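Below is one structure, written out as structure tokens; the observations come after it.
Computed over heavy atoms, backbone and side chain alike; hydrogens, waters and symmetry mates excluded. Naming: A, B, ... by sequence-line order, numbering from 1 per chain. What you see is a predicted model; the values in this text were computed from it and never measured.
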There are 2 protein chains.
Amino acid sequence: MKSGKYTLTGQELEIMKVVWRLGPCNVRHVYEALLEQRKIAYTTVSTMMNILETKGFLKKKAGDKAFVYAPSKPQKTVIRAMVREFVDRVFNGAAEPLLLHLVEDEQLSKAELDEIRRSIK
Amino acid sequence: MKSGKYTLTGQELEIMKVVWRLGPCNVRHVYEALLEQRKIAYTTVSTMMNILETKGFLKKKAGDKAFVYAPSKPQKTVIRAMVREFVDRVFNGAAEPLLLHLVEDEQLSKAELDEIRRSIK
DNA sequence: TCTTTCATACTAACGTTTTAGTATGAAGAG
DNA sequence: CTCTTCATACTAAAACGTTAGTATGAAAGA
């Protein structure tokens with residue numbers, strides 16, 4: 001079940017989403033953002049962010065008081081890899097069935113469909 | 001990290017894919033299909049299929065000698081739920097960004113793009 | 001019948017992910 | 001200067017997922 005080097009586990013993704021949104025920030029910033037969603041300990045966030053650093057998703061540098069963490073891979077790159085892995089795992093690598101599924105099953109507005117239609121051209 | 005009741009873990013999905021493909025079958029059938037891909041123990045498959053039964057993805061009934069397992073949820077339903085969960089988790093529930101991503105990043109043939117264009121109408 | 005093969009249940013170990021406690025030292029408040 | 005607050009490192013346990021061994025009993029083959 002080894003994951004590729006651009007693939008995040010569930011909680012890691014939650015934290016990366018916060019950091020991508022906030023930009024460079026420290027553990028406390030992320031902790032407080034996560035607290036709004038659910039109960040979590042400060043040290044848990046700290047531990048997770050360290051793991052993300054050793055995995056190469058975050059880089060940290062000394063800040064005024066606490067370390068400042070910043071994403072070291074662009075969101076787009078990471079998301080792309082996760083989509084790729086999902087497509088491989090669930091659709092055996094074929095993107096088209098997923099696409100058709102999304103077009104059929106998800107409620108998309110006329111504007112959204114227009115946008116997709118345009119991007120296909 | 002609680003998963004919805006239609007969401008499968010990695011190895012569970014591998015087994016379900018075999019059962020969906022084969023239709024009603026016993027542990028040995030699945031075991032042999034999986035063996036073609038990788039080394040795995042018979043009892044591992046047996047254990048996994050039991051787990052899938054308790055989770056409600058397979059139902060088993062007594063067969064001639066061994067139990068016969070059959071899917072208890074259609075593939076389409078389960079896949080749909082997994083896509084839904086992925087979209088929620090990675091794209092915060094918005095299907096459109098995933099769709100655009102797929103259209104942009106995946107190499108799709110002209111024929112496939114045609115088919116997608118047709119299904120949008 | 002005796003032996004071998006097979007299916008299942010039970011059990012457990014291992015790996016990974018997630019969570020958080022404790023210790024330590026530095027910074028800030030008084 | 002002392003006390004409190006905060007950040008980090010270290011440690012570890014809980015939770016989950018994956019894998020497979022062992023025991024048991026049934027069936028098949030001789």
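Within the structure, a side-chain polar atom (N or O) of B:Y42 is placed less than 4.0 Å from OP1 or OP2 of C:dA7. Between B:K60 and C:dA9 there is a side-chain N or O to OP1 or OP2 distance below 4.0 Å. Between C:dA9 and B:S46, no contact under 4.0 Å exists linking OP1 or OP2 to a side-chain N or O. Residue A:N50 has a polar side-chain atom (N or O) positioned under 4.0 Å from OP1 or OP2 of D:dA9.
As judged by a 4.0 angstrom heavy-atom cut-off over every strand, A:T43 is placed among the base-contacting residues. At the heavy-atom level, B:T44 lies under 4.0 Å from base atoms of the strands shown.
Between A:H101 and A:F91, the ring planes lie tilted relative to each other; the angle falls in the 30° to 60° range.
In this structure, the nucleotide among D:dT8, C:dA7, C:dT17 sitting nearest to the side chain of B:A66 is C:dA7.
Considering only residues two or more places apart in sequence or on other chains, A:E53 meets the salt bridge (charged side-chain N to carboxylate O under 4.0 Å, His left out) condition with A:K60.
Non-hydrogen atoms lying under 4.0 Å from DNA chain C are contributed by B:V27, B:R28, all within residues 22-41 of chain B.
Each of A:K55 and A:K65 lies near DNA chain C, and the nucleotide nearest A:K55 is the one positioned closer to the 5' end. Mapping B:I51 and A:T47 onto DNA chain D via the closest heavy atom, the residue that lands nearer the 5' end is A:T47.
The pair A:R89-B:E14 fails the salt-bridge criterion, with no side-chain N (NZ, NE, NH1 or NH2) lying under 4.0 Å from an Asp/Glu carboxylate O.
In this entry the distance linking CZ of B:F67 with C1' of C:dT8 reads 7 Å, nearest Å. Taking atom CG of A:D64 as the reference point, atom P of D:dT8 lies 12 Å away to the nearest angstrom.
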Check the pair A:V83 / B:L98 against side-chain contact (heavy atoms from CB on, under 4.5 Å), numbers first and verdict last.
CA-CA 8 Å; A:V83 171; B:L98 172 55; 3.8 Å; yes
